[in-house]
Q: 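Can you keep this structure in mind? I'll have questions shortly.
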Amino acid sequence: MPFKKQIKLKTAVLLPFVIIFSVTFGVIAFVQKANYEQMVQDISSKQLTYLTNNVEQRLYNFLEEPFLANLSLSHNLGFSHLFQKGDTQKIEDFFRFNFSQIYKSIPQIDSAGFGGINAEYVGFRKENDHNYTLMVQDKRTQNKLVIYQNDIISNNIRTVIENYDPRERPWYVPVAEHHKPMWSSIYTNADERQEITLSSLSPVFQDKQFVGVSVTDVKIDTFNAFLRAMKQQTEADIYIFDNEHRLIAHSSAGGVVSWGTSLSPKGTRLMATENASPVIKASAEHFKQLEQPTDIATKNFVTHVNSDRYFNKVTPFEDEFGLHWFIGVSISEPNLLGEVPYNQRNAWYIGLLISLFGIGIGYIAFNRITAPITSTASAAQHLACGDWATPMPKSGNIYETSLLVHAFNEMANNLKASFKALRTQLVYDSLTKLYSREGLVESCSNLKKLNGCLFLIGIDKFRDINDSLGHQLADQLLIAIAQRLKNIYASDAYIARIGGDEFALYLPLVKDEQEIQDEANRILQLFATPYSMPNEPIAVNVSIGIVHNSDSTNMTVWLRNGSIALSNAKSDSTRISYYAPEMAGISRKRTQMVTLLKVAIEKHEFVPFYQPIVDLNSGEVLGAEALARWISPELGLVPPTEFIPVAEESGLINTIGEQILLQACIDTVKGIEEGKWACDFRMHVNLSVSQLSSYLFLPQLEEILRITKLSPSNLALEITESKIVDNDPIILSNMLALKKLGIHIAIDDFGTGYSSLSYLHKLPFDCLKIDRAFVTQLNHDHLEESIVAAIINMMKGFKVQLVAEGIETQEQVDLLHQLNCPQGQGFLFSKPIPYQEWPTNLVNMRQKTAN
């Protein structure tokens with residue numbers, strides 16, 4: 001199975017090239033882009049500066065001509081003394097003669113006129129038919145402004161305006177105040193046209209006296225025509241606006257007068273941001289956001305309209321006669337650079353496509369090169385999954401890959417042969433040639449249903465046989481057993497060796513209970529005859545665990561259940577055990593108990609409880625027996641009957657015994673020092689046979705005595721009679737060593753084991769404890785014939801102490817008195833209690849016995 005973080009070979013090879021290409025392409029693109037942007041900035045700056053200067057110069061010329069013409073008119077008016085109070089006839093004649101000349105040479109002039117200090121007014125205005133219109137207000141018109149249809153006073157009148165006072169007009173007031181030439185603000189005419197006008201203004205002095213103002217009007221619309229002509233020449237959008245951001249002129253279609261908006265009421269000039277041209281509108285909106293617009297005079301800025309980039313420049317326009325405007329110029333990138341941006345973009349696209357095409361060709365070529373490697377890897381994966389029928393990879397045309405594929409095919413063929421041999425070893429037992437556990441499970445998995453009967457056959461005490469015969473002869477015995485099974489169950493059974501000394505026999509056709517019992521007896525009969533070995537015949541006993549009527553269809557589960565039944569069979573007298581579901585619960589509970597015992601040992605949860613041993617004559621407490629108790633934080637006080645058997649089976653009893661022995665020695669020393677117990681107080685501690693048969697026991701005991709500083713004479717070790725193995729040299733040796741140390745030895749539960757004088761003579765012991773089962777049987781009628789009486793009589797020659805266990809009534813004490821039993825222990829005197837609860841002054845046992 002491939003690792004998730006691994007990548008394919010072709011990716012590992014191509015990826016660096018792709019990365020190098022991408023980085024190189026990116027760096028080149030970045031540098032080219034930076035150079036291109038620098039070029040665009042330089043060109044746009046120069047072009048915008050050129051356009052702005054051009055517009056500015058032309059605008060100067062556009063406005064200078066009408067202004068100079070007006071200065072000339074005002075000078076001639078004053079110099080010729082043409083002003084007469086209330087009569088404008090001379091001035092009218094002067095303007096009539098000069099206006100036609102001015103109109104022809106300066107077409108942007110719309111009208112020319114004079115306003116006097118006495119509210120006189122005379123002027124000429126151009127009409128669309130290239131004729132002139134006379135406008136007069138003096139005594140000839142009864143001081144009303146009369147606009148005639150032609151250039152002379154006649155009855156052909158166009159408009160009459162009453163209460164017109166030129167002295168209040170925007171073109172008169174600033175000049176009358178400052179007496180110097182200037183431009184007017186942009187205003188609306190008072191005639192019937194109501195046109196937006198810019199006027200050049202000049203004061204008229206006659207004999208050094210201010211007599212009026214000469215004015216020439218420039219129509220705003222002529223500005224638009226001028227700028228549109230500029231746009232046709234330069235492809236740039238141009239607009240002019242004042243400090244209030246209102247348009248004065250622009251190069252796009254439409255006028256500058258509003259038809260009524262929230263920003264510009266009807267008749268007023270449009271805001272620059274209200275222009276119909278999106279280019280001018282975007283430029284004006286960007287400019288309006290600046291806090292100090294004059295700062296942008298030396299800077300360019302960029303706007304975007306319809307995905308096109310526009311370069312913009314706004315420059316202040318001022319002159320000495322009071323104009324303060326702004327000239328805005330916008331030019332698009334294509335108009336600035338022509339086809340350069342599109343050609344560059346197309347070049348990048350073509351380069352990128354060619355590069356991708358090259359990478360694709362390289363990928364295809366490398367894919368063909370790595371195809372044998374890929375097919376080899378795929379075949380290896382199938383082989384790893386056990387698919388030995390997968391087709392082998394084919395070598396390509398490249399030497400290295402062909403060499404790899406050839407080596408792999410040879411290795412795969414060798415692996416097939418090795419796997420076949422390994423499978424044979426896995427499925428079949430190498431010694432007996434029967435099925436192995438795995439082989440039995442696999443072969444039974446091919447059956448439609450497991451509804452037969454499984455027999456697990458375990459050889460009793462095979463370790464002893466193995467030790468006595470040696471491994472080689474023991475293997476020959478296993479082969480002979482397998483051969484007998486095969487001879488009896490030839491073809492209608494599945495036979496397997498599932499362990500060192502265990503065989504499994506599955507009979508698919510055996511279902512009836514009587515048939516199962518017959519087969520079990522048949523197997524026992526099979527082992528009734530000893531096996532002939534080179535030196536001597538060997539008798540083999542077996543135990544049988546039987547599984548049938550199981551709901552599971554998995555042979556592994558059947559084998560597990562059979563193992564549980566076999567364990568029970570080894571302790572059954574019939575040597576046969578049928579699996580029952582509750583056995584699994586017991587086995588599971590035993591396993592859980594072993595786990596809990598190991599945890600309890602680590603946490604030192606096992607403590608000794610003490611039951612006094614009393615002199616039945618005096619009532620004096622002579623000693624105590626330390627009994628193991630388990631105090632669990634979760635389970636509380638666990639009875640010994642629940643954990644002692646499991647501890648003995650699992651081998652944990654030795655560790656528990658060591659902890660109890662250590663604590664009992666500590667408590668004995670403490671009890672004697674505190675005066676709770678007498679100096680000759682003797683602590684009895686139970687000792688398991690496995691502890692006594694260990695080479696390590698004596699060093700451990702000596703270390704405990706050294707640590708606790710307990711005198712050996714205060715310690716007695718109790719050994720259960722029924723568990724002592726006869727003639728065990730290690731046990732006898734350790735018992736003699738204990739005696740040599742000065743430690744007392746007591747035989748516990750006497751009467752339940754061998755109980756023979758010849759047997760007792762071999763054991764060095766100081767005390768014999770009569771089992772409670774015999775004490776409970778005592779009565780007055782058959783006292784002398786009791787087993788207790790027999791034991792006491794038998795021990796008279798041994799010179800050992802006798803202790804009767806399990807005394808629960810005063811009657812039992814009296815009967816033991818009659819039999820001359822010196823010591824006893826039991827619930828009558830005290831139940832087992834912890835050291836902390838042992839009273840400093842135990843109840844006088846003499847009083848109890850006397851009562």
Side-chain angles (χ1 to χ4, degrees), residues 37-38 40-64 183 185-186 196 198 220 222-256 258 263-264 268-306 308-337:
E37 288 297 323
Q38 185 61 44
V40 170
Q41 294 297 331
D42 293 342
I43 294 176
S44 65
S45 179
K46 293 179 181 178
Q47 183 68 5
L48 289 173
T49 301
Y50 165 75
L51 290 174
T52 301
N53 292 339
N54 193 8
V55 172
E56 189 176 32
Q57 185 60 45
R58 292 193 182 189
L59 185 58
Y60 272 121
N61 295 336
F62 184 85
L63 296 175
E64 184 181 32
W183 288 101
S185 61
I186 298 176
I196 303 297
L198 173 69
I220 295 297
T222 58
F223 283 15
N224 293 343
F226 161 70
L227 294 180
R228 280 194 289 271
M230 286 284 296
K231 181 177 181 180
Q232 291 178 354
Q233 297 174 7
T234 62
E235 297 294 336
D237 288 273
I238 307 169
Y239 62 104
I240 303 171
F241 57 97
D242 59 16
N243 282 330
E244 296 180 353
H245 294 275
R246 293 192 178 275
L247 283 172
I248 296 171
H250 59 86
S251 60
S252 61
V256 298
S258 172
L263 297 177
S264 303
T268 60
R269 284 179 294 131
L270 290 168
M271 299 295 291
T273 55
E274 295 180 301
N275 191 269
S277 170
V279 178
I280 295 176
K281 183 177 181 180
S283 177
E285 287 178 345
H286 182 90
F287 180 78
K288 190 175 181 181
Q289 294 174 359
L290 298 176
E291 294 182 0
Q292 297 181 353
T294 54
D295 292 344
I296 207 168
T298 58
K299 298 179 182 179
N300 301 338
F301 59 93
V302 177
T303 57
H304 294 82
V305 179
N306 297 329
D308 285 334
R309 185 163 57 158
Y310 283 80
F311 300 93
N312 304 266
K313 185 178 181 68
V314 175
T315 307
F317 177 82
E318 299 177 348
D319 71 351
E320 59 182 317
F321 301 112
L323 284 183
H324 186 70
W325 294 348
F326 293 93
I327 300 173
V329 179
S330 300
I331 185 168
S332 67
E333 189 173 359
N335 289 331
L336 181 67
L337 300 177

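Atoms considered below: every heavy atom in the structure, side chains included; atoms not considered: hydrogens, waters and symmetry mates. Along the sequence shown, residues carry numbers from 1.
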Q: Checking side chain to side chain contact (heavy atoms under 4.5 Å, CB included) for the pair Ile240/Leu227: CA distance, chi angles, key distance, verdict?
A: CA-CA 9 Å; Ile240 303 171; Leu227 294 180; 4.0 Å; yes
Q: For the pair Val314 and Val329, evaluate side chain to side chain contact (heavy atoms under 4.5 Å, CB included) and give the outcome as yes or no after the intermediate values.
A: CA-CA 6 Å; Val314 175; Val329 179; over 6 Å; no
Q: Can you tell if the side chain of Ser252 reaches within under 4.5 Å of the side chain of Ile280, non-hydrogen atoms only?
A: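 Yes, side chains in contact.
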Q: What distance separates Ile331 CD1 from Ile238 CD1, expressed to the nearest 0.5 Å?
A: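 Output value for this atom pair is 9.5 Å.
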Q: Mark yes or no for whether Gln233, through its side chain, and Met230, through its backbone, hold a donor-acceptor pair below 3.5 Å.
A: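 Absent.
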Q: I'd like to know whether Asn243 forms a side chain to side chain donor-acceptor pair (under 3.5 Å) with Trp325, so could you lay out the CA-CA distance, the side-chain angles of the two residues, the decisive distance to 0.1 Å, and finally the verdict.
A: CA-CA 7 Å; Asn243 282 330; Trp325 294 348; over 6 Å; no
Q: Atom OH of residue position Tyr50 - does it have more than 12 heavy atoms of other residues, nucleotides or ligands inside 6.0 Å?
A: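 Not buried by this count: 12 neighbours or fewer within 6.0 Å.
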Q: Verify, without hydrogens or angle tests, whether Asn306 (side chain) and Asp308 (backbone) share a donor-acceptor contact under 3.5 angstrom.
A: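 Not confirmed, Asn306 side chain does not pair with Asp308 backbone.
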Q: Any sub-3.5 Å donor-acceptor pair from Ser251's side-chain atoms to Arg228's backbone N or O?
A: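 The answer is no, because no donor-acceptor pair under 3.5 Å joins these two groups.
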Q: Give me the ring orientation class for His286 and Phe301: parallel if the planes are under 30° apart, tilted from 30 to 60°, perpendicular past 60°.
A: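 Rings of His286 and Phe301: parallel, as their planes differ by under 30°.
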Q: Do any N or O atoms from the side chain of Arg246 and from the backbone of Leu270 form a donor-acceptor pair under 3.5 angstrom?
A: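 Here the side-chain-to-backbone pair does not exist.
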Q: Does some side-chain heavy atom of Leu198 sit less than 4.5 Å from a side-chain heavy atom of Leu63?
A: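 Of all side-chain heavy-atom pairs linking Leu198 with Leu63, at least one is under 4.5 Å.
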Q: I'd like to know whether Met271 forms a side chain to side chain contact (heavy atoms under 4.5 Å, CB included) with Glu244, so could you lay out the CA-CA distance, the side-chain angles of the two residues, the decisive distance to 0.1 Å, and finally the verdict.
A: CA-CA 8 Å; Met271 299 295 291; Glu244 296 180 353; 5.9 Å; no
Q: Mind checking whether Phe326 and Tyr239 have ring centres under 6.0 Å apart?
A: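 No - the distance between ring centres of Phe326 and Tyr239 does not fall below the 6.0 Å cut-off.
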Q: Using the six-membered ring wherever Trp is involved, compare the ring planes of Phe241 and His245 and label them parallel, tilted or perpendicular (cut-offs 30° and 60°).
A: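 Answer is parallel, since the angle falls under 30°.
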Q: Quick check for you: to the nearest 0.5 Å, what is the distance between Lys46 atom NZ and Gln41 atom CD?
A: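 Reported to 0.5 Å precision, the distance equals 12.5 Å.
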Q: Any heavy-atom pair between the side chains of Asp242 and Arg269 that's under 4.5 Å?
A: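 Arg269 vs Asp242: side chains touch.
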Q: Okay, side chain of Asn53, backbone of Glu56: is any donor-acceptor separation there less than 3.5 Å?
A: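 Not a single qualifying donor-acceptor pair exists.
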Q: With side chains defined as the heavy atoms from C-beta onward, is the minimum distance between Tyr310 and Val302 less than 4.5 Å?
A: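 Not in contact.
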Q: Might you work through the side chain to side chain donor-acceptor pair (under 3.5 Å) test for Ser45 and Asp42, ending with a clear yes or no?
A: CA-CA 5 Å; Ser45 179; Asp42 293 342; over 6 Å; no
Q: Please check if the side chain of Arg309 supplies one atom and the backbone of Glu333 the other of a donor-acceptor pair under 3.5 Å.
A: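 Judged by distance alone, no pair lies under 3.5 Å.
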